> 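Pasting a structure below so you can have a look.
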Amino acid sequence: MELHTALAGLDVHPWSTVNHAYGPAEDLPGLLRTFAEGGEDAEEALDELYGSIVHQGTVYAASVDAAPYLARIAASGQQTVDALRLLGCLAESEDEYEVEPGAVRAAVTAQLPLLIPLLADEDTAVRQAASWTVGHTRDTCTALPAVRARLAAETEPAVRAEILTAYARLDRADAAAEARALLGPDTPAPLRLAAVFAALNADEPWLAAHRDAVLGLLPARETARSGYADEHREPLSTIVGILLGRDTDTDRESALALLDAALRDERPEVRVEALWAADRACTLSRSAPQRLIPAIAPLAADRTAAQLLGKIGPLAAEAAPVLVELAAQPDDEAADQALAALVLVAPQAAAPLLARALGERPRAMQCAAGSHAPADAPFPFGLELFAAVRARLAAKALEHPEGCTDCGCSTTRDHNDTAGLVHLLRLWGPQAVEALPELCAILPRFHYAATAITAVAADTGPERREQTASALRAGAHKLFVAQALHGLTGERGPLFAAAEAALATGARGAVEAARALADLGPAAARLIPALRTALGRTIDRDTTPEVDADLALALALWRITGEAAEVVPVLASVFDRSEGRQWFHWTTARAAREIAVLGPAGRPLTARLHALLDDPAQAPSAVLGLLAVADPAGLDPTRLAEAAVHSAETRADLNGACNALRALGATALTPELHDRLTALTTADRRLVVSGSDHAMIRDDEQLRAALTSVLDQAG
């Protein structure tokens with residue numbers, strides 16, 4: 001097919017009537033032509049095509065209209081591989097936006113008469129790309145016979161592997177039967193790996209032949225790169241994940257035994273691959289750490305191993321002696337990584353080592369007091385570490401003397417380091433009172449030191465309290481410094497001034513100021529006009545920050561005035577403006593949870609809360625709101641408990657589900673709900689499967705303990 005034939009009708013097609021990720025698809029003719037002609041701008045045009053018709057995996061109505069042109073471009077011999085891969089991405093997607101379900105895949109399937117001849121193209125890369133794309137059509141009438149025939153004729157191992165993978169998408173059982181003869185060591189590596197995945201795809205029992213095939217392929221990453229399947233890029237990790245996902249004792253042991261063998265392999269490159277897979281196993285399976293730690297601990301000098309031990313935390317206590325030895329070494333990089341893990345595994349053992357090298361162990365410091373620090377377990381206080389923290393803060397005060405506020409002389413690392421030191425002192429509270437001079441000295445440059453000042457100065461005498469207050473007054477134009485001053489002395493003037501200024505700065509400032517004033521209650525009555533002015537601000541676009549601001553302002557007015565007639569309509573508008581909008585569901589959940597402060601005065605919002613019970617992400621917050629504002633006679637505790645348990649089962653809002661079930665009490669759990677909750681706490685599969693990578697294992701353990709306490713209360 002000639003290129004001009006492939007592009008026939010491109011300019012007269014009604015592109016303006018269909019949308020892609022950025023609106024009407026009027027730019028597609030130019031992008032498709034530029035891509036097809038293969039000039040210097042072709043690569044940029046291809047990137048824009050990906051971004052518009054398969055944006056982050058989502059397909060659109062314009063994707064349907066683009067498919068025939070891409071197929072004809074591929075058939076013309078121009079940009080064939082890239083056109084095939086883009087078509088494959090369209091067919092692969094199941095994330096469809098404003099288009100009939102299956103319409104995009106059907107559009108690609110309709111092009112099979114143009115695509116199937118490419119399975120026999122003389123170019124190896126074209127045959128491989130065509131196999132990948134044809135397999136994603138899931139078509140068993142035309143594609144399956146063609147793929148089966150091509151598998152028998154193909155001789156290139158990488159292409160045969162791609163064809164077998166396509167076969168497995170089209171006919172799982174037959175592809176698995178074909179794969180059984182391809183597991184031996186004489187089979188080329190790409191084809192052997194595809195055979196393993198064909199067996200897994202068909203849910204076949206995991207046999208010694210599969211284990212031996214995988215161990216014989218390791219390290220397998222390079223082999224996997226010869227194929228197109230994204231899900232196979234980390235082959236060992238993917239295999240382990242599939243076996244654990246089957247959730248049987250036999251498959252679980254098969255996965256962990258495979259990992260244990262790989263972790264003990266003599267080849268470093270195999271151990272590296274195994275550590276990545278072990279990380280995934282420990283994140284998915286509650287029994288994985290205990291099974292794998294004996295094999296992981298000796299590898300603690302490896303950064304990936306040390307990070308994994310830190311994620312596992314106290315459950316990896318048997319690795320502490322190895323980590324102590326590594327953390328005491330002079331090598332800053334390796335010692336810092338080992339100490340960071342030790343901080344999370346055995347904090348008491350880590351404290352003296354951290355004290356002796358505080359400024360040289362940034363990772364360890366972050367784990368002790370930064371974003372990686374456990375929220376429920378402050379790092380242990382010790383005199384040696386406390387002295388080191390004070391000395392480091394004193395050095396920072398000299399680096400940034402009084403009057404150095406916006407000089408630009410500090411770095412992001414400097415701020416992070418200082419924030420960690422401040423956070424430690426805040427957590428230690430009054431036992432860190434001797435650090436007040438250092439905190440006050442850094443306050444002009446690092447205003448967030450105010451949060452620690454009030455925590456450690458709670459029980460000081462009059463003289464020290466006044467010295468501290470003087471330091472806070474100097475920076476009280478900052479809202480949280482003014483809050484700290486109010487917490488220490490009760491002075492409201494600076495807090496009112498800082499809050500009024502923040503209210504005028506936009507949505508974010510309005511939220512912070514509203515929350516500070518809400519804590520004062522009626523004492524903040526003088527700022528009611530400023531709150532109302534902020535609530536009546538002009539909004540160019542209704543974004544989540546703007547809706548969040550209105551929620552915070554309304555709740556502040558309620559805490560100050562107690563006038564439901566003014567506040568309830570604003571809260572109702574928060575629900576109305578958020579309904580059905582993809583990125584507003586957490587705002588809705590927050591509103592449902594926080595209106596509990598209204599009590600019975602929020603009863604007009606009951607219907608809106610009931611409407612949220614069917615959404616697992618919003619149900620726990622709705623339960624908490626209903627328990628506070630609804631007429632108890634109109635509530636069905638079992639229905640509320642069902643909504644909360646379903647939220648936990650779907651991993652939609654795990655912490656919220658715990659809080660909702662605690663608030664409902666033991667009597668709300670029927671025997672059936674009790675059994676479902678028990679299954680969540682006793683299963684090997686972890687509940688927390690998303691969030692901060694370094695905290696997922698720890699969060700899951702805490703959540704399981706919380707759910708167990710709910711069950712204990714229920715008997």
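All values reported here derive from a predicted model rather than from experimental measurement.
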> Tell me every residue that passes side-chain contact (heavy atoms from CB on, under 4.5 Å) with Ala525, counting only those two or more places apart in sequence or in another chain.
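Residues passing side-chain contact (heavy atoms from CB on, under 4.5 Å) with Ala525: Ile528, Ile560.
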> Salt bridge or not between Glu579 and Arg608? Use side-chain N to carboxylate O under 4.0 Å.
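Salt bridge flag = no for Arg608 with Glu579.
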> For Ala476 and Ala482, work out which heavy atoms get closest and say how close.
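That would be O-CB, 3.4 Å.
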> Quick one, Tyr448 with Val422, criterion side chain to side chain contact (heavy atoms under 4.5 Å, CB included). Give me CA distance, side-chain angles, the key distance, then yes/no.
CA-CA 8 Å; Tyr448 46 74; Val422 168; 4.3 Å; yes
> Do Leu555 and Leu598 come close enough that some side-chain heavy atom pair is under 4.5 Å?
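Yes. Closest side-chain heavy atoms under 4.5 Å.
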> Looking only at non-hydrogen atoms, find the nearest pair between Val568 and Ala601 and report the distance.
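Of all heavy-atom pairs spanning Val568 and Ala601, the closest is CG2-O, 3.7 Å.
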> Decide yes or no for Val99 and Val18: does some side-chain heavy atom of the first lie under 4.5 Å from some side-chain heavy atom of the second?
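The answer is no, as the side chains (C-beta and beyond) never meet within the 4.5 Å cut-off.
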> Calculate, to the nearest 0.5 Å, the distance between atoms CG and CD1 belonging to Asp65 and Ile53 respectively.
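The CG atom of Asp65 sits 10.0 Å away from the CD1 atom of Ile53.
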> Only counting residues at least two apart or in another chain, list the ones meeting side-chain contact (heavy atoms from CB on, under 4.5 Å) with Thr460.
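Result, side-chain contact (heavy atoms from CB on, under 4.5 Å) vs Thr460: Val433, Leu436, Ala457, Arg464, Arg465.
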> Would a distance-only check, ignoring hydrogens and angles, find a side-chain to backbone donor-acceptor pair under 3.5 Å from Ser578 to Phe575?
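Checking the backbone N and O of Phe575 against the side chain of Ser578, no donor-acceptor pair under 3.5 Å is found.
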> Mind listing the closest non-hydrogen atom pair of Ala450 and Leu472 along with its distance?
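Nearest heavy atoms, Ala450 then Leu472: CB-CD2, 3.9 Å.
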> Quick one: are Phe584 and Arg577 in side-chain contact, heavy atoms under 4.5 Å?
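Of all side-chain heavy-atom pairs linking Arg577 with Phe584, none is under 4.5 Å.
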> Can you list every pair that meets salt bridge (Lys or Arg N to Asp or Glu O under 4.0 Å) and has a residue in residues 701-710, with sequence neighbours left out?
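Residue pairs with at least one partner in residues 701-710: Arg686-Glu701, Glu701-Arg704.
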> Is a side-chain donor or acceptor of Arg390 paired with a backbone partner of Glu434 at a separation under 3.5 angstrom?
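Confirmed, Arg390 side chain pairs with Glu434 backbone.
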> What are the two closest heavy atoms between Ala469 and Leu488, and how far apart are they?
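Looks like N-CD2, 3.9 Å.
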> Mark yes when over 12 heavy atoms from residues, nucleotides or ligands other than Glu94 sit less than 6.0 Å from its CD; otherwise mark no.
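Open: at most 12 neighbouring heavy atoms sit under 6.0 Å from CD of Glu94.
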> Does Glu672 have any side chain to side chain donor-acceptor pair (under 3.5 Å) partners at least two apart in sequence or in another chain, and if so, which?
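Glu672: side chain to side chain donor-acceptor pair (under 3.5 Å) contacts with Arg676.
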> Is the distance between the ring centroids of His55 and Tyr22 under 6.0 Å?
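They qualify: ring centres under 6.0 Å apart.
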> If we only count heavy atoms from C-beta on, is the Glu563 to Trp558 side-chain gap below 4.5 Å?
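They are not in side-chain contact.
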> Got a sec, which residues hit side chain to side chain donor-acceptor pair (under 3.5 Å) with Thr58, two or more places apart in sequence or on another chain?
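Listed in chain order: Asp95.
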> Apply side chain to side chain contact (heavy atoms under 4.5 Å, CB included) to the pair Val547 and Asp550, showing each step before the final yes or no.
CA-CA 5 Å; Val547 179; Asp550 285 353; 5.6 Å; no
> Determine, for Arg537 against Glu546, whether the closest basic-nitrogen to carboxylate-oxygen distance falls under 4.0 angstrom.
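Yes, this pair counts.
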> If a pair satisfies salt bridge (Lys or Arg N to Asp or Glu O under 4.0 Å) and one of its residues is in residues 628-639, list it, with sequence neighbours excluded.
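Sorted pair list: Asp614-Arg639.
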> Do you know which two heavy atoms are closest between Leu673 and Ala668, and how far apart they sit?
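Between these two residues, the closest heavy atoms are CD1-O, 4.1 Å.
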> Any chance you could lay out the side chain to side chain contact (heavy atoms under 4.5 Å, CB included) test for Glu438 and Leu425, step after step, and finish with the verdict?
CA-CA 11 Å; Glu438 289 81 15; Leu425 295 172; over 6 Å; no
> Provide the full list of ring-ring contact (aromatic ring centres under 6.0 Å, His included) pairs with a residue in residues 631-658, sequence neighbours left out, each pair given once.
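Residue pairs with at least one partner in residues 631-658: there are none.
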> In Å, rounded to the nearest 0.5 Å, how long is the span from CZ of Arg526 to CG of Leu531?
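Spacing of CZ (Arg526) from CG (Leu531) equals 12.0 Å.
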> According to side chain to side chain donor-acceptor pair (under 3.5 Å), who are the partners of Ser621, at least two apart in sequence or on a separate chain?
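Checked Ser621 against side chain to side chain donor-acceptor pair (under 3.5 Å); matches are Arg593.
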> Please, which pairs that meet ring-ring contact (aromatic ring centres under 6.0 Å, His included) have at least one residue in residues 419-438, sequence neighbours excluded?
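Residue pairs with at least one partner in residues 419-438: Phe381-Trp428.
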> Only distances under 3.5 Å count here; give the side-chain donor-acceptor pairs of residues 501-512 to other protein atoms, sequence neighbours excluded, each with its distance to 0.1 Å.
| unit_1 | atom_1 | unit_2 | atom_2 | d |
| --- | --- | --- | --- | --- |
| Thr505 | OG1 | Ala502 | O | 2.6 |

> Test: side chain to side chain donor-acceptor pair (under 3.5 Å). Region: residues 652-668. Which pairs qualify, not counting sequence neighbours?
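Listed by first then second residue: Asn659-Arg662.
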> Between Leu677 and Leu661, is any pair of side-chain heavy atoms under 4.5 Å apart?
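Sidechains of Leu661 and Leu677: in contact.
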> Looking at Glu26 and Trp15, would you say the former's side chain and the latter's main chain have a donor-acceptor pair under 3.5 Å?
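Here the side-chain-to-backbone pair does not exist.
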> State, yes or no, whether a side-chain contact exists between Tyr60 and Glu96 at a heavy-atom distance under 4.5 Å.
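Answer no - side chains too far apart.
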> Can Asp700 and Arg651 be counted as an ion pair, charged N to O under 4.0 angstrom?
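Salt bridge absent between Asp700 and Arg651.
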> Return yes when atom CD of Gln431 has more than 12 non-hydrogen atoms of other residues, nucleotides or ligands closer than 6.0 Å, and no otherwise.
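Buried by this count: over 12 neighbours within 6.0 Å.
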> For Ser93 and Cys89, indicate whether the former's side chain and the latter's backbone hold a donor-acceptor pair under 3.5 Å.
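Absent.
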> Keeping to residues at least two apart or across chains, list the side chain to side chain donor-acceptor pair (under 3.5 Å) pairs with something in residues 483-498.
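For residues 483-498, and leaving out neighbouring residues, the side chain to side chain donor-acceptor pair (under 3.5 Å) pairs sorted by first residue read Arg473-Glu491, Thr489-Glu491.
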> Taking all non-hydrogen atoms of both residues into account, name the closest pair between His585 and Ala617 and its distance.
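Minimum heavy-atom contact is CD2-CB, 4.3 Å.
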> Apply side chain to side chain contact (heavy atoms under 4.5 Å, CB included) to Val456 and Arg426, showing your working.
CA-CA 7 Å; Val456 306; Arg426 179 168 65 247; over 6 Å; no
> Check whether any side-chain heavy atom of Gln366 lies under 4.5 Å from a side-chain heavy atom of Asn416, and answer yes or no.
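Gln366 vs Asn416: side chains apart.
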> With rounding to the nearest 0.5 Å, note down the distance linking CG in Leu90 to OH in Tyr50.
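Between Leu90 CG and Tyr50 OH, I get 8.5 Å after rounding to 0.5 Å.
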> For residues Arg698 and Leu344, determine if any side-chain heavy atom of one lies less than 4.5 Å from a side-chain heavy atom of the other.
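Contact flag for Arg698/Leu344 side chains = yes.
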